[in-house]
Undergrad: 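The structure under discussion is supplied below as structure tokens; questions concerning it will follow.
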There are 2 protein chains.
Amino acid sequence: MTERKPRKDAARNRQAVLEAADALFGRCESPEELTMADIAAAAGVGKGTLFRAFGDRTGLLRALYEARLEPVREAVETGPPPLGPATPPRERVPALLDALLCFKLDNRRLALALEETGSSSPYQAGHYDWWHGVLRSALEEVPGMADAGFAAHALLAATRADLVERLAGREGVERERLRAQLAGYAARFLTAR
Amino acid sequence: MTERKPRKDAARNRQAVLEAADALFGRCESPEELTMADIAAAAGVGKGTLFRAFGDRTGLLRALYEARLEPVREAVETGPPPLGPATPPRERVPALLDALLCFKLDNRRLALALEETGSSSPYQAGHYDWWHGVLRSALEEVPGMADAGFAAHALLAATRADLVERLAGREGVERERLRAQLAGYAARFLTAR
DNA sequence: AAAGATACGGACCCCGGGTCCGTTTTTCAA
DNA sequence: TTGAAAAACGGACCCGGGGTCCGTATCTTT
């Protein structure tokens with residue numbers, strides 16, 4: 001047993017930081033102008049505390065992201081159709097992509113901040129592998145689907161945070177239109193052969 | 001006439017920097033550990049010179065990238081099939097994607113460095129818009145293709161530098177296999193309906 | 001050849017991520 | 001209840017890298 005329950009103040013501060021950061025990311029324009037010191041200040045906490053709780057900037061971003069993602073993850077793993085595991089693949093694949101797109105739209109700044117951290121992100125954040133695994137297995141069940149692994153990567157790439165930011169942000173494409181476009185793209189891919 | 005021809009030493013130094021940086025990016029492991037000071041030193045030049053010539057880090061990266069891309073650009077704009085403009089779209093689209101993939105494979109570090117600069121890159125680097133324009137017009141000529149603009153974005157996303165880095169680098173997928181996978185993906189998308 | 005224009009280069013500035021350590025709070029056993 | 005050990009606090013501090021500045025060197029032009 002290497003688990004020791006954290007001290008009360010530590011838990012409280014961790015929570016405060018999470019909430020403050022969450023709020024700040026929602027407010028700010030671009031995520032890289034949001035400094036660790038800012039977040040610490042907003043949470044009423046010292047920088048040391050922040051780094052002790054999350055290790056580094058990436059750690060904090062990941063924790064935030066993970067918390068936000070949790071409901072989606074649950075819906076995908078144990079929820080009802082069209083997201084849950086009981087859905088037939090031709091229906092589930094677009095549903096997964098749509099859920100991911102909506103998630104990125106709802107968490108633009110955060111996803112952006114996380115995906116542009118260090119080299120070969122977001123491919124080393126745990127959730128990517130999870131998404132890839134789920135999508136891949138769904139694709140594998142589609143008759144005539146070759147290279148489901150690569151296809152999963154390629155489809156996921158269509159929801160990259162910076163692409164979403166460009167389309168929804170800079171070009172002003174509305175949410176529903178973007179969802180429709182992605183759905184159309186996925187549908188075309190799925191109906192092939 | 002705002003054009004004035006540059007002084008001889010300026011031109012020489014610019015060239016030296018370009019060559020030094022090019023060599024260094026080929027050699028180094030990950031691009032973010034390659035500092036401006038390093039490049040200046042390798043080129044036998046002061047930091048000031050480097051920044052005067054290229055503005056900032058991104059400027060240098062762009063100049064390098066542009067120089068490397070030039071031949072490809074030419075092949076696409078005025079070359080013979082399957083890359084050139086005379087190619088029928090169903091053949092040209094995969095050819096374009098393959099050329100882009102090969103380019104990224106041949107310039108992994110550089111592409112990586114450029115794509116992870118600042119927020120919403122690489123979508124603000126000029127060459128992206130160019131690729132997107134070319135691919136989009138090719139797709140528009142495919143019968144039954146809806147939303148060619150989005151499709152172009154999505155297909156381009158499948159060649160993102162960090163994805164290529166993960167597949168070719170971390171997972172060790174060989175060049176030919178990766179090309180085949182991308183080709184298969186594109187083919188499936190194109191033959192739909 | 002000499003002066004005006006342009007470029008050089010490295011010391012210097014700034015800012016943000018990350019660390020350190022003296023102080024404070026919590027925990028827990030006696 | 002208490003006191004001492006363990007854990008957390010927080011902000012001054014460090015460091016490295018991008019970018020600037022300006023006195024000096026080089027080129028260009030007449």
Side-chain angles (χ1 to χ4, degrees), chain A residues 1-21 24-25 28-64 109-110 112-114 116-119 121, chain B residues 1-21 24-25 28-64 109-110 112-114 116-119 121:
Chain A
M1 180 64 98
T2 59
E3 286 293 308
R4 297 192 50 87
K5 75 169 137 186
R7 244 171 62 171
K8 196 172 39 179
D9 50 353
R12 180 173 30 79
N13 281 332
R14 184 186 169 90
Q15 201 50 35
V17 169
L18 241 22
E19 280 161 21
L24 287 182
F25 271 113
C28 75
E29 267 317 302
S30 67
E32 76 258 17
E33 70 194 20
L34 190 51
T35 177
M36 289 288 124
D38 290 343
I39 297 173
V45 144
K47 271 177 61 176
T49 298
L50 192 157
F51 279 95
R52 196 168 328 98
F54 298 98
D56 58 8
R57 188 182 163 87
T58 307
L60 171 56
L61 293 176
R62 279 216 261 264
L64 270 174
R109 309 277 132 68
L110 183 55
L112 210 47
L114 190 54
E116 70 191 16
T117 300
S119 54
S121 286
Chain B
M1 178 65 96
T2 58
E3 285 295 307
R4 294 194 49 88
K5 74 170 141 185
R7 239 170 65 172
K8 195 170 41 176
D9 51 352
R12 179 172 33 76
N13 282 330
R14 184 186 170 89
Q15 201 50 35
V17 168
L18 241 22
E19 279 161 21
L24 288 182
F25 271 113
C28 74
E29 267 317 304
S30 67
E32 76 258 18
E33 70 195 20
L34 190 51
T35 176
M36 288 288 130
D38 291 343
I39 297 173
V45 144
K47 271 177 63 176
T49 299
L50 191 157
F51 279 95
R52 197 170 327 98
F54 298 97
D56 58 8
R57 184 174 223 270
T58 307
L60 171 56
L61 293 176
R62 279 216 262 264
L64 270 174
R109 318 270 180 255
L110 183 55
L112 211 47
L114 191 53
E116 70 192 16
T117 300
S119 54
S121 286

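Here is the naming used below: chain letters follow the sequence lines, and residue numbers restart at 1 for every chain.
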Undergrad: If you take all heavy atoms of B:Cys28 and B:Arg109, which pair is closest and at what distance?
TA: O-NE, 2.9 Å

Undergrad: What are the two closest heavy atoms between A:Arg57 and A:Phe51, and how far apart are they?
TA: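 So the two residues come closest at N-CE2, 4.4 Å.
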
Undergrad: Using every non-hydrogen atom in the two residues, find where A:Leu50 and A:Val45 come nearest and quote the distance to one decimal.
TA: N-CG1, 4.2 Å

Undergrad: Identify the two heavy atoms, one from B:Leu60 and one from B:Phe54, that lie closest to each other, and give their separation to 0.1 Å.
TA: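 Smallest interatomic distance, heavy atoms only, reads N-CB, 3.7 Å.
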
Undergrad: NZ of A:Lys5 versus C1' of C:dC28: gap in Å, rounded?
TA: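 After rounding, the gap between these two atoms is 12 Å.
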
Undergrad: Generate the contact string for nucleotides 8-19 of chain D. Rules: B means base contact, S means sugar-phosphate contact only, - means no protein heavy atom under 4.0 Å.
TA: SBBB-----SBB

Undergrad: Any side-chain heavy-atom pair from A:Val17 and A:Arg14 closer than 4.5 angstrom?
TA: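 When only atoms from C-beta onward are counted, A:Arg14 and A:Val17 do not touch, as no gap falls below 4.5 Å.
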
Undergrad: Within this structure, what is the NZ-to-C1' distance between A:Lys8 and C:dT24, rounded to whole angstrom?
TA: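 Atom NZ in A:Lys8 sits about 15 Å away from atom C1' in C:dT24.
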
Undergrad: What is the distance, to the nearest angstrom, from the CZ atom on B:Arg12 to the C1' atom on C:dC8?
TA: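 Between C1' of C:dC8 and CZ of B:Arg12: 11 Å.
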
